[in-house]
Amino acid sequence: MPWQQKIQYLYGQPIGVSFMDGTGTSGILCGLSDGKLLVIEYLYQAQFALKQYDMYTIQDIHGFPLCPDQQPLY
């Protein structure tokens with residue numbers, strides 16, 4: 001499925017983004033606006049930034065997998 005069609009299912013979810021140049025990033029998908037993918041990314045301590053990536057630079061997006069079943073830590 002082309003990545004543009006995944007946006008409606010992944011909105012508000014953690015995603016990984018792969019770019020055409022072989023790099024990548026991850027964050028929470030906030031939507032698509034004016035030809036740009038909007039992703040909130042963690043910066044440092046309690047700081048986050050809304051990043052905007054041009055659609056033509058994106059190769060694919062993927063939702064994060066679920067955690068495997070594990071025993072609680074407490």
Side-chain angles (χ1 to χ4, degrees):
M1 168 185 312
W3 70 264
Q4 295 89 339
Q5 294 178 352
K6 298 178 187 179
I7 291 174
Q8 62 183 337
Y9 303 108
L10 295 173
Y11 179 80
Q13 301 296 315
I15 61 164
V17 181
S18 57
F19 298 104
M20 295 290 192
D21 66 2
T23 62
T25 191
S26 61
I28 304 295
L29 176 61
C30 291
L32 190 65
S33 178
D34 296 324
K36 296 180 185 294
L37 189 73
L38 307 176
V39 180
I40 290 182
E41 296 179 12
Y42 173 72
L43 296 177
Y44 178 73
Q45 292 185 351
Q47 297 177 10
F48 294 84
L50 179 63
K51 301 277 189 88
Q52 301 179 29
Y53 298 103
D54 291 317
M55 288 179 59
Y56 68 85
T57 65
I58 299 169
Q59 182 176 10
D60 206 354
I61 62 173
H62 298 278
F64 272 55
L66 297 175
C67 293
D69 291 333
Q70 296 182 3
Q71 295 296 320
L73 296 176
Y74 49 91

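Starting from 1, each residue takes its place in the sequence as its number. From a predicted model like this one, the values you see are computed outputs, not experimental measurements.
The nearest pair of heavy atoms linking Leu43 to Ala49 is CD1-CB, 3.6 Å.
Panel note: side chain Tyr53, backbone Tyr56; no donor-acceptor pair is recorded below 3.5 Å.
Under the 4.5 Å side-chain criterion, counting only non-hydrogen atoms from C-beta, Met55 is in contact with Leu32. With contacts defined as side-chain heavy-atom distances shorter than 4.5 Å, the pair Phe19/Ile58 qualifies. Between Leu29 and Val17, every side-chain heavy-atom pair lies at or beyond the 4.5 Å cut-off.
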Report task. In sequence, state the C-alpha distance, the side-chain angles, and the governing distance for Thr57 and Asp21, and then conclude on side chain to side chain contact (heavy atoms under 4.5 Å, CB included). Result -> CA-CA 8 Å; Thr57 65; Asp21 66 2; over 6 Å; no
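Here side chain to side chain donor-acceptor pair (under 3.5 Å) pairs that include residues 25-37, with residues two or more places apart or in two chains, are Thr25-Glu41, Lys36-Asp54.
Leu38 and Phe48 end up in the same hydrophobic cluster when Ile, Leu, Val, Met, Phe, Trp and Tyr side chains are linked at under 4.5 Å. Placement of Val39 and Leu50 in two distinct hydrophobic clusters is found when ILVMFWY residues are connected by side-chain heavy-atom separations under 4.5 Å, directly or transitively.
Within the model, atoms CG of Leu37 and CD1 of Ile7 stand 5.5 Å from one another, a figure rounded to the nearest 0.5 Å. With rounding to the nearest 0.5 angstrom, the CH2 atom of Trp3 is 9.0 Å from the CD1 atom of Ile15.
For Phe64, the CZ atom is densely surrounded, since the number of other residues' heavy atoms within 6.0 Å is greater than 12.
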